[in-house]
Amino acid sequence: MKQRLRERLNERARSFVSGNGLKDEEITRKQKLCQKRGVEIVRCSIRGQIVGRQTVERETKLVYVAHHQFLLKQGDVLYVEEQVEERCARFVNGEWAADDRISRTGGNVEAPRVEREQWRGERLSYQYDRAQAVRYAETWWNRHNPAFPSFPVDCTNFVSQCLYAGGVPMTGYPNRARGWWCQNGSWSYSWAVAHSLRWYLSGSRIGLQAVEVSEPGQLMAGDVICYDFQGDGRFDHSAIVVAKDQEGMPLVNAHTTNSRMRYWSYEDSSAYTPNIRYKFFHIMDRK
């Protein structure tokens, strides 16, 4: 079964490039997004690591981690995009039956907004080092920093760590419903929950502060994008901008589905819906 899985991943990688071979929604979404952007998938490789196995009667399930690397060409520029996802391959009587992505969505806690008037009269200054924030995002995009807690849905925790690495001070400890902090084995809702970070960035007047902009092209490396995949008003995901493509559009790093240099719109994501809403936050450089 390991050999069959290896063959399947190689076939899947070829399908991303050629457009032939395997057909599924993930491959189709990726190809459509690249076509829309004027980007060519020059090469794709997928490495699989089995992390779990379960056999019940005639059926065997292999849980594995698939590390995708895409060599993309936009104009005369080549760059590498990476994504790591959990998948489950199913075999019946030793024969290939299915291969599905394991989805992890949602936040850790439904948390309140941080009201602006809570912070009246307080002051905290900082200088945001975008290069350091991006360096952290590049270092830890596919692994966990043991200095911080880890969550099954880890996207906002990761973004918060990047901002902190850029020099943004924590505020509000130990009240979990106030400020933005992670200390002594605890954390504020805004540190780890996408919906809470979205509202915190809209309302904070000390410490971490941001200005909402209307277009993704207005963002810089070190800025933040928040995602409401269903368009229902509850934000599900956060990512940090690490670069711009040749058209001046953001490329992001993120956790949960660990991603590096991913196109900002997430139209190639299984979580994407036509109702998606975005919030674009420019982190203030000095405060």
Side-chain angles (χ1 to χ4, degrees), residues 105-130 133 136-137 148-149 151 153-184 186-241 250 252 254-256 264 266 275-287:
T105 58
N108 300 293
V109 183
E110 182 62 48
R113 304 179 190 179
V114 176
E115 301 297 335
R116 295 182 184 183
E117 58 266 24
Q118 290 178 325
W119 302 106
R120 190 171 300 153
E122 297 188 60
R123 296 287 185 270
L124 259 176
S125 62
Y126 66 89
Q127 182 170 342
Y128 185 42
D129 189 332
R130 295 178 178 276
Y136 186 96
F148 295 92
F151 305 95
V153 179
D154 199 56
C155 57
T156 305
N157 176 42
F158 171 68
V159 168
S160 289
Q161 291 175 39
C162 296
L163 297 174
Y164 183 62
V168 180
M170 297 182 187
T171 61
Y173 175 80
N175 188 336
R176 300 190 73 192
R178 295 185 61 186
W180 174 81
W181 55 269
C182 181
Q183 297 181 46
N184 298 325
S186 186
W187 51 88
S188 65
Y189 298 126
S190 59
W191 181 279
V193 183
H195 189 64
S196 294
L197 179 63
R198 172 260 182 272
W199 283 108
Y200 185 80
L201 291 175
S202 290
S204 173
R205 290 297 176 265
I206 70 157
L208 172 60
Q209 294 179 61
V211 175
E212 185 176 345
V213 297
S214 59
E215 299 293 336
Q218 296 174 271
L219 298 175
M220 301 169 60
D223 287 339
V224 173
I225 303 177
C226 298
Y227 299 79
D228 172 6
F229 288 118
Q230 299 297 324
D232 59 4
R234 188 183 189 285
F235 282 74
D236 317 281
H237 184 58
S238 311
I240 185 166
V241 178
V252 301
H255 269 197
T256 305
W264 71 272
Y266 267 68
N275 298 321
I276 194 170
R277 293 171 57 200
Y278 309 93
K279 288 288 183 179
F280 308 112
F281 289 105
H282 174 68
I283 306 300
M284 297 182 69
D285 295 274
R286 291 176 179 269
K287 194 63 187 176

Spatial distance of atom OG (S160) from atom CD1 (I240) [nearest 0.5 Å]: 9.5 Å
Whether F280 and Y278 hold their rings parallel, tilted or perpendicular, with breakpoints at 30° and 60°: parallel
Gap between atom CZ of R130 and atom CG of L163 - 0.5 Å precision: 9.5 Å
Any donor-acceptor pair under 3.5 Å from R176 side chain to S186 backbone: no
Pair F235 + Y227: ring centers closer than 6.0 Å: no
Nearest-0.5 Å distance, OG of residue S188 to CD of residue Q183: 9.5 Å
Side chain to side chain contact (heavy atoms under 4.5 Å, CB included) between S204 and W180, intermediate numbers included: CA-CA 9 Å; S204 173; W180 174 81; over 6 Å; no
Sidechain-backbone polar pair: W181 side chain, N175 backbone, donor-acceptor under 3.5 Å: yes
S125 OG to R286 CZ distance, which is reported to the nearest 0.5 Å: 10.5 Å
Main-chain N/O of M220 paired with D223 side-chain donor or acceptor, under 3.5 Å: yes
Shortest non-hydrogen contact between Y266 and H237, atoms and distance: OH-NE2, 3.0 Å
Exercise: identify the closest heavy-atom pair between G222 and I283: O-CG1, 3.6 Å
Taking every non-hydrogen atom, the tightest pair across I206 and Y200: O-OH, 3.7 Å
Taking every non-hydrogen atom, the tightest pair across V168 and G207: CG1-C, 4.5 Å
Candidates S196, S190, S238 - the one meeting side chain to side chain donor-acceptor pair (under 3.5 Å) with T156: S238
From R198 atom CZ to R234 atom CZ, the distance as rounded to the nearest 0.5 Å: 13.0 Å
K279/D228 ion pair, N-O < 4.0 Å: no
Side chain proximity check, W191 to M170, heavy atoms < 4.5 angstrom: yes
Test side chain to side chain contact (heavy atoms under 4.5 Å, CB included) applied to N184 and Y173, step by step: CA-CA 10 Å; N184 298 325; Y173 175 80; 2.8 Å; yes
Contact summary for N157 and P149, nearest pair of heavy atoms: ND2-O, 2.7 Å
Closest non-hydrogen atom pair, M284 against Y126: O-OH, 3.1 Å
L201 vs L208 side-chain heavy atoms within contact, under 4.5 Å: yes
Residues in ring-ring contact (aromatic ring centres under 6.0 Å, His included) contact with Y164, at least two apart in sequence or another chain: none
